[in-house]
Structure formats: C-alpha cells, structure tokens
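In what follows, a single structure is set out as structure tokens and then discussed.
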Amino acid sequence: MLDALGVDTKALRGTMTGVRGKGPKQKLGLYNEDMRAMFEEVTRVLKPGAQAAFVIGDATVDGSEFTTTAEMAEWAIATGLKLERTLPK
C-alpha cells in the first residue's frame, strides 16, 4: 500500500523505529537509542507545565520479548519528565 503512495519501503525500513538493524541485539540497541532520543525531544518541546502521556510496553524483537518498560520510565525521568503513574496490563 505504501508503494502505491510512492513511499520507498526499503528506505523506510532503514529509518523506522523498531525495525532498523540486523539481529535482535542490534535491533534492540537501536530501538533503545530511538526511545531515549524521543524522550529527550519530548522534554525539549513541551511547554512548561504541559503534560505528555506514553503507552509503552516491553519490546518484542524477532519474536523474543525483552523487558524494557522500567528502563523507559527511568530514561523519561532522566530527561526531566515526571512519572505520574503506571498501569500494569
């Protein structure tokens, strides 16, 4: 479908969060880098006093699940965001 819109899907796979890299270890490492960068960017662009909500869960890479939720909360806090609450699934 994206091809019909003129989107180069092969190029997109090389830049898209969660699918870049080769093998689970590299994919997870790149995914984690992207998530850290996202929290930093959200912190940068939020107006003072503004809020943001994130729905995050553990990462599944090539069929294997990796526990990343707690780490992501730590990364968000490290950028200056405040954790209000978590909702277990």
Side-chain angles (χ1 to χ4, degrees):
M1 184 186 235
L2 291 174
D3 293 323
L5 297 173
V7 175
D8 182 348
T9 54
K10 288 183 181 179
L12 184 62
R13 279 189 79 72
T15 61
M16 202 167 137
T17 299
V19 296
R20 296 183 304 130
K22 294 185 179 182
K25 185 175 180 179
Q26 185 183 40
K27 285 180 180 179
L28 184 61
L30 291 168
Y31 174 77
N32 288 345
E33 286 177 20
D34 289 344
M35 295 306 291
R36 284 188 199 103
M38 180 273 303
F39 287 125
E40 290 171 2
E41 184 65 5
V42 168
T43 301
R44 185 185 74 78
V45 301
L46 273 180
K47 292 181 180 179
Q51 296 180 347
F54 303 96
V55 177
I56 56 175
D58 293 334
T60 301
V61 181
D62 293 344
S64 297
E65 190 168 305
F66 296 87
T67 304
T68 58
T69 305
E71 286 178 294
M72 286 189 207
E74 291 171 10
W75 301 335
I77 292 166
T79 66
L81 296 171
K82 179 182 169 189
L83 177 64
E84 290 288 333
R85 66 182 170 171
T86 59
L87 300 171
K89 61 176 177 175

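All residue numbers refer to positions in the sequence shown, counting from 1.
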Ignoring hydrogens, what is the shortest heavy-atom contact between [X] and [Y]? Give both atom names and the distance.
X	Y	answer
T69	I56	O-CD1, 4.0 Å
Q26	K22	OE1-N, 2.5 Å
D3	V7	OD1-O, 3.4 Å
Q51	L46	O-CD2, 3.9 Å
L28	A59	CD1-CB, 4.0 Å
D62	G23	OD2-C, 4.0 Å

Would you say V42 ends up clustered with W75 if hydrophobic residues are merged whenever their side chains have heavy atoms under 4.5 Å apart, either directly or through other cluster members?
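Yes, W75 connects to V42 through the hydrophobic network.
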
Nearest-0.5 Å distance, CG of residue D58 to CE of residue M72
8.0 Å

Donor-acceptor check, side chain of T60 to backbone of E65, threshold 3.5 angstrom: yes or no?
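No, the answer is negative, given that no donor and acceptor are paired below the 3.5 Å cut-off.
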
F66/Y31 aromatic ring centres below 6.0 Å:
no

Verdict with reasoning, F54 to M38, per side chain to side chain contact (heavy atoms under 4.5 Å, CB included)
CA-CA 11 Å; F54 303 96; M38 180 273 303; 3.5 Å; yes

Could you tell me whether E33 and R36 make a salt bridge, using a distance below 4.0 angstrom between a side-chain N and a carboxylate O?
no

Derivation of the side chain to side chain contact (heavy atoms under 4.5 Å, CB included) call for M35 and T68:
CA-CA 10 Å; M35 295 306 291; T68 58; over 6 Å; no

